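Heads up, the thing below is written out as structure tokens.
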Amino acid sequence: MTTPVVTRFAPSPTGYLHIGGARTALFNWLYARHFGGKMLLRIEDTDRARSTDDAIEAILDGLRWLGLEWDDDVVYQHTRATRHAEIADQMLASGNAYRCYCSPQELAEMREKARSEGNPVLYDGTWRDRDPADAPAGVDPVIRLKAPRTGETLIDDLVQGPVVTANEQLDDLILLRSDGSPTYMLSVVVDDHDMAVTHVVRGDDHLTNAARQALIYKAMDWPLPEFAHIPLIHGPDGAKLSKRHGALGVDAYRLMGYLPHAMRNYLVRLGWSHGDEEIISLEDMISWFDLNAVGRAPARFDFAKLENLNGHYIRASEDAVLSAAVADLLPDIGQEASMPEALTTEEGRIFVDAMPALKERAKTLVGLAASGAFLFARRPIPMDDKAGQLLTGDARQILARLTVPLGQTEPWTLEAVEAALRDFAERENLKLGQIAQPLRAALTGSTASPGIFDVLALLGRDETLRRIADQAA
RNA sequence: GCCCCCAUCGUCUAGCGGCCUAGGACGCCGGCCUCUCACGCCGGAAACAGGGGUUCGAACCCCCUUGGGGGCGCCA
């Protein structure tokens, strides 16, 4: 019989949920879902000074927005400090740990010396076998793991393959600080064990940590979980992701108008593949995902591809759903998109009607909003430079003459409006474009818009005629 | 400095010794469609980092070099 899969996502709440963390969470979530197991969430707030409630909220919100719901209650690591200390004491009692009275200055000197001599920068084990009676008075000791000094430690990583580390490279790491608080190394191991985590899926910046942690598992005689260290995501320039270029919080992507599913689809293809599949439904993602198909090379973040995927999902979305998604964003992006911060019921209806024409052209929800702004602009509508240049004297006269047939068009439907415009062009001996372009400028204030017949139909006869009158000679 | 990981088009990747004169996607270039912009469709340029091996045969296996990345905290 096989034990159920339990994965965990364990962010430290020192900032928002960035793109790399989001992908780690996604992989954990997919793996758990694929095997019908659980993904637990643990907030690694052992460092109280650097952890903030805002960051915790941002992380939780980010996960929810991406649709990565975790199972069970969130575990806050700092609440488990006494259990961590208890384990350290157990290791002390079993002889797998010892007290070390070295001062921070001594340790710094030790490191500097090792580095200058070309040796590995490790704790030298000064207090490993020293008589505790030699302990200096008034110094609170740390508790260190008594790590094996010979042999090697193997991590059979699900992504990286077998990774062997010589134990000489692993020093006696600190388990408990001099103030009695647990270190990260101790906390993760104890928590992963207590939470019955079967698969540790995390960034490969933790790969060397895995060997150190394995030593703690061994000292406690606990079974080792499976490890999967996934490569990091780099910025577009190949350098480590920083705030400069892409390490934005997922909330920033939300505000840029990306859809959660586009985000998931983009992220899952960064490092993982299923043959040539590019557009992947959630259902397929879950049934196809496995760690053995995760690559080992780091990937670069590419906005162009994310945008393309987002456009795809926008086009595939229902009109009402898109309209609602934009409406939710309006308070934040309304100004940027030249849209009101909220739409009236009537405006909302028009927006939904316009959606089929709008969504073909949008790459983001912000772009979608901006492209619909002309529908709600107040006269005289703002005109961009290129549109203004289209409205020559001749063009304005054509618009004036166009008023007549449009005034008689009945009923005001897409078909009738198209017929009227084509008929007018023929009678005036003009190509449709010669009419459509200045008309588009007058009606939308732009040179790019949905099809001109759609624009007329959407605007209605009265508003159309008024906007034309604003520009006609 | 020491240790570990990585390396296919600009980017994400397929490839798991012969199916590869290396496939797909994004982007780019050209064309078609056309009232603009998109969408869509058709076509094109574009990669196995370098050098040694192993093998009848290497993008795939081994070694070295180079180039990236990560770790070496009383941070997580």
Side-chain angles (χ1 to χ4, degrees), chain A residues 10-14 44-47 49-51 77 100 102-104 107-108 111 114-122 140-144 157 159-161 163-166 168-171 173-179 181 183-185 187-188 203-209 211-212 229 231-232 234 236 238-240 266 269-279 295-309 311 315 357-363 371 386-387 390 418 421-422 425 431-437 439-441 444 446-453 455:
Chain A
S12 63
T14 51
E44 308 227 315
D45 53 358
T46 300
D47 188 342
R50 294 205 298 160
S51 304
Q77 194 162 58
C100 164
C102 285
S103 68
L107 296 174
R111 278 185 215 109
R115 202 178 290 269
S116 68
E117 290 174 354
N119 293 322
V121 182
L122 303 169
D140 290 325
V142 298
I143 295 180
R144 306 188 90 113
D157 197 274
V159 168
Q160 305 289 339
V163 179
V164 177
T165 306
E168 291 87 70
Q169 294 296 327
L170 308 172
D171 63 356
L173 65 260
I174 293 175
L175 300 168
L176 228 51
R177 301 188 184 98
S178 51
D179 66 359
S181 67
T183 59
Y184 163 76
M185 286 295 172
S187 304
V188 233
D204 73 7
D205 49 337
H206 287 284
L207 185 54
T208 47
N209 285 336
R212 296 169 207 283
H229 289 93
L232 268 16
H234 292 171
K240 192 180 178 183
Y266 177 71
R269 286 288 290 108
L270 236 42
W272 174 84
S273 62
H274 182 79
D276 285 338
E277 300 291 343
E278 295 287 349
I279 304 290
R296 277 151 305 190
R300 297 186 189 201
F301 191 85
D302 178 23
F303 264 105
K305 187 148 185 180
L306 204 212
E307 195 144 279
N308 173 273
L309 242 16
R315 271 170 262 137
L358 259 22
K359 70 183 180 185
E360 284 305 312
R361 298 164 169 78
K363 296 270 197 295
S371 69
K386 276 189 284 182
L390 246 30
E418 174 167 357
L421 282 178
R422 288 192 187 281
K431 294 171 78 172
L432 185 57
Q434 291 174 279
I435 299 168
Q437 280 306 84
L439 183 54
R440 185 186 322 280
T444 70
S446 163
T447 53
S449 82
I452 195 65
F453 312 127
V455 171

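Numbered from 1 within each chain, the chains take letters A, B, ... in sequence-line order. Computed from a predicted structure; not experimentally measured.
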So if I take every side-chain heavy atom of A:Ala299 and compare against B:U13, B:A25, B:G70, which nucleotide ends up nearest? B:U13
Summarise protein proximity over nucleotides 32-47 of chain B in one line of letters, 5' to 3': B for base, S for sugar-phosphate only, - for none, counting protein heavy atoms closer than 4.0 Å. ---BBBSSS-------
pair_partner(B:G40), Watson-Crick or wobble, both distances < 3.5 Å, evaluates to B:C32
Under a 3.5 Å cut-off for both contacts, is B:U54 paired Watson-Crick or G-U wobble with anything, and if yes, with which nucleotide? none
Need one value for A:Val163: base, sugar-phosphate or nothing, where a base atom within 4.0 Å counts as base even if backbone is also close, heavy atoms only. sugar-phosphate
Would you find a donor on one side and an acceptor on the other, under 3.5 Å apart, between the side chain of A:Thr46 and the backbone of A:Tyr184? no
For A:Gly271, which contact category applies under a 4.0 Å heavy-atom criterion: base, sugar-phosphate, or nothing? sugar-phosphate
B:U66 -> Watson-Crick or G-U wobble partner, both distances under 3.5 Å, gives B:A7
Watson-Crick or G-U counterpart of B:G1, or none if no pair lies under 3.5 Å: B:C72
For B:A59, which nucleotide in any strand shown is its Watson-Crick or wobble partner with both distances under 3.5 Å? none
Considering every strand and a 4.0 Å limit on heavy-atom distances, what is the contact class for A:Thr208: base, sugar-phosphate, or nothing? base
For B:C19, the Watson-Crick or wobble partner whose two distances fall under 3.5 Å: none
Need one value for A:Gln169: base, sugar-phosphate or nothing, where a base atom within 4.0 Å counts as base even if backbone is also close, heavy atoms only. sugar-phosphate
Pick base, sugar-phosphate or nothing for A:Cys102, based on heavy-atom distances below 4.0 Å to the nucleic acid. base
Is the ring pair A:Phe301/A:Phe303 parallel, tilted or perpendicular, if the boundaries are 30 and 60 degrees? perpendicular
Looking across every strand, which nucleic acid part, if any, lies under 4.0 Å from A:Asp179 by heavy atom: base, sugar-phosphate, or nothing? nothing
So what does A:His229 hit on the nucleic acid, given a heavy-atom distance under 4.0 Å: a base, only sugar-phosphate, or nothing? nothing
Of A:Ala297 and A:Asp302, the one whose closest nucleotide on RNA chain B sits nearer the 5' end is A:Ala297
